[in-house]
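Inspection log for the structure reproduced underneath, given as structure tokens.
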2 protein chains.
Amino acid sequence: MLRGMTPAKQPGRPRAGIDAAVFAATLSTVHELGYAGATMDRIAAAAGVAKTTLYRRWPSKGALITDCLLDALGPAPLEGVGREEVMATAIRWVAAEIGKPGVGAAFAGVFVDAVNDPALRAILSTRLQDPYRIALQDALGEPENRVLLFIDIVVGTLLHRLGMTGEPMVDADVTALVEMVRHHFG
Amino acid sequence: MLRGMTPAKQPGRPRAGIDAAVFAATLSTVHELGYAGATMDRIAAAAGVAKTTLYRRWPSKGALITDCLLDALGPAPLEGVGREEVMATAIRWVAAEIGKPGVGAAFAGVFVDAVNDPALRAILSTRLQDPYRIALQDALGEPENRVLLFIDIVVGTLLHRLGMTGEPMVDADVTALVEMVRHHFG
DNA sequence: CGGTATCGCTACCGGTGGTAGCGTAATTGG
DNA sequence: CCAATTACGCTACCACCGGTAGCGATACCG
């Protein structure tokens with residue numbers, strides 16, 4: 001079994017532990033200057049790292065943002081949640097995350113970059129969406145296509161509101177969204 | 001009354017009727033090269049027009065795309081539709097429009113530009129969203145905030161699917177969306 | 001005609017994602 | 001201590017993009 005094995009030591013200088021600093025710098029820069037304003041130069045400067053180092057670790061700006069979102073969101077908080085409450089919990093969690101500074105704008109930005117960049121779309125789908133989709137399938141026992149539709153509805157609705165108004169969705173509307181989804185999928 | 005008055009002739013050379021050519025060139029360029037690839041230079045070249053002429057008529061790329069979408073969509077086809085069927089008709093119409101070549105990508109692109117550009121957000125909200133929102137309020141008799149939530153759900157869901165998969169939503173999923181919304185708002 | 005406003009064109013600006021190459025620092029194995 | 005190896009910071013660079021300035025030419029009104 002390979003599980004649990006410590007990887008063999010490689011020769012050469014080891015990579016510095018800069019990921020946490022880079023992710024924090026990315027989110028705060030996106031928060032302050034928006035997705036387009038958060039340039040790779042600025043992110044590198046805010047993280048105290050050379051721009052070339054960023055490109056040694058991530059193949060593109062979109063890939064960096066995707067990893068940053070993955071780190072910021074963490075696993076879906078569905079531990080011990082009863083099946084009846086899984087969808088409501090997921091919706092309120094996503095709404096709260098998208099409301100955090102920088103997260104929503106980063107999400108929307110990497111999203112549109114993906115519309116015409118198949119490589120980025122693959123990264124986004126595989127690294128970011130798939131884990132949550134699988135967790136939801138396990139928790140709900142619903143087939144894949146229904147879970148995918150659920151994700152489209154929840155994330156799409158919340159991002160559309162953010163893009164149109166510049167502000168995250170208020171609680172009353174999130175509750176209405178929860179009720180609608182509950183009646184249809186529940 | 002001012003209605004029906006022919007505007008007083010202005011001195012100077014009149015504007016050439018290039019809007020139709022520009023809109024057609026914009027959509028086809030976005031379709032071929034994506035939102036980011038559809039540069040103002042390329043759109044101008046495809047329309048047979050100088051780039052500076054575009055900037056004389058539209059203040060930014062986002063504003064041009066917004067007007068282009070407004071022209072491509074036209075008024076919502078809700079004439080003579082019974083109140084029960086207004087939402088279903090609107091959803092299927094939006095789904096079909098977003099599936100047309102270039103329209104979905106243009107929509108998603110101008111959208112993310114708007115997240116951090118308040119001027120563009122105002123244009124998008126006033127010129128594109130408001131007419132359809134008002135038409136829906138009239139047809140449905142629902143309050144503004146509920147119609148706005150409806151628009152977020154429909155447009156957001158369809159755009160999220162497009163961004164994530166690169167393909168418009170298939171009919172079966174559109175039907176599921178219609179059913180869900182019908183039970184909640186109906 | 002003269003006045004006026006638009007058009008096409010060229011040239012330009014600051015900035016952006018992304019790359020190449022260099023010297024240097026950090027680690028492993030002998 | 002000495003090679004080999006890998007990552008780092010830095011500078012320079014590239015093609016390209018949104019947007020602007022200024023020019024002469026053109027089309028209309030009175």
Side-chain angles (χ1 to χ4, degrees), chain A residues 6-22 25-26 29-30 32-68 106 109-110 112-117 119-120 123, chain B residues 6-22 25-26 29-30 32-68 106 109-110 112-117 119-120 123:
Chain A
T6 303
K9 292 255 180 177
Q10 298 294 103
R13 175 174 177 171
R15 289 194 159 182
I18 61 171
D19 288 21
V22 170
T26 301
T29 308
V30 170
E32 287 171 22
L33 304 170
Y35 183 81
T39 68
M40 292 296 266
D41 285 275
R42 273 198 265 256
I43 291 171
V49 160
K51 183 172 69 160
T52 45
T53 299
L54 295 184
Y55 280 102
R56 285 191 192 101
R57 301 202 182 194
W58 292 277
S60 67
K61 176 178 171 178
L64 166 60
I65 305 268
T66 303
D67 268 14
C68 176
V110 76
V112 169
D113 278 5
V115 174
N116 288 100
D117 183 343
L120 179 56
I123 292 174
Chain B
T6 302
K9 292 257 182 177
Q10 296 296 103
R13 175 175 180 171
R15 290 193 158 183
I18 61 171
D19 288 19
V22 170
T26 301
T29 307
V30 170
E32 287 170 24
L33 304 171
Y35 183 81
T39 68
M40 293 295 266
D41 285 274
R42 274 199 264 256
I43 291 171
V49 159
K51 182 173 72 162
T52 44
T53 300
L54 295 184
Y55 279 103
R56 285 192 191 99
R57 303 203 182 194
W58 292 276
S60 67
K61 174 178 172 178
L64 166 60
I65 305 267
T66 303
D67 268 15
C68 177
V110 76
V112 169
D113 278 6
V115 174
N116 288 101
D117 182 343
L120 179 56
I123 293 175

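Nothing here was measured: the structure is a model prediction, and the numbers come from that model. Note: hydrogens, waters and symmetry copies are ignored here, and every other heavy atom, side chains too, is used. Within every chain, numbering begins at 1; the chains are lettered A, B, ... in the order of the sequence lines, protein sequences first and strands thereafter.
Residues A50(B) and A44(B) share a closest heavy-atom pair of C-CB, 4.0 Å. Considering all non-hydrogen atoms of both residues, V30(B) and Y35(B) come closest at CG1-N, 4.3 Å. The heavy-atom pair separating G62(B) from V110(B) by the smallest distance is O-CG2, 3.5 Å. When all heavy atoms of A47(B) and A21(B) are compared, the pair lying nearest together is CB-O, 3.9 Å.
With rounding to the nearest 0.5 angstrom, the CG atom of L33(A) is 8.0 Å from the OG1 atom of T39(A). Taken to the nearest 0.5 Å, the CG atom of D117(A) stands 6.5 Å off from the OG atom of S60(A).
Side-chain contact between M40(B) and L64(B) is present, with at least one heavy-atom pair separated by less than 4.5 Å. A heavy-atom distance below 4.5 Å is not found between the side chains of V49(A) and I43(A). With contacts defined as side-chain heavy-atom distances shorter than 4.5 Å, the pair W58(B)/V22(B) qualifies.
In this structure, K61(A) contributes its side chain and A38(A) its backbone to a donor-acceptor pair below 3.5 Å.
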Derivation of the side-chain contact (heavy atoms from CB on, under 4.5 Å) call for T66(B) and L120(B): CA-CA 9 Å; T66(B) 303; L120(B) 179 56; 4.1 Å; yes
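The salt bridge (Lys or Arg N to Asp or Glu O under 4.0 Å) analysis of residues 40-53 of chain B, with sequence neighbours excluded, yields the pairs D41(B)-K51(B).
Annotation: proximity of residues 32-47 of chain B to DNA chain C (heavy atom, distance under 4.0 Å) is found for no residue. Contacts between residues 50-60 of chain A and DNA chain C, counted as heavy-atom distances below 4.0 Å, involve K51(A), T52(A), Y55(A), R56(A), S60(A).
Under the salt bridge (Lys or Arg N to Asp or Glu O under 4.0 Å) criterion, R57(A) pairs with D19(A), not counting sequence neighbours.
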Find every protein N or O atom lying less than 3.5 Å from an N or O atom of nucleotides 28-30 of chain C, and list the pairs.
none

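Chain B approaches DNA chain D over the interval dC17(D) to dC29(D), counting the first and last nucleotide 5' to 3' with an atom under 4.0 Å from its heavy atoms.
Rounded to an integer number of Å, the gap from L64(A) CG to dT16(C) P is 16 Å.
Between P14(B) and K61(B), the residue anchored closer to the 5' end of DNA chain D is K61(B), taking for each the nucleotide with the nearest heavy atom.
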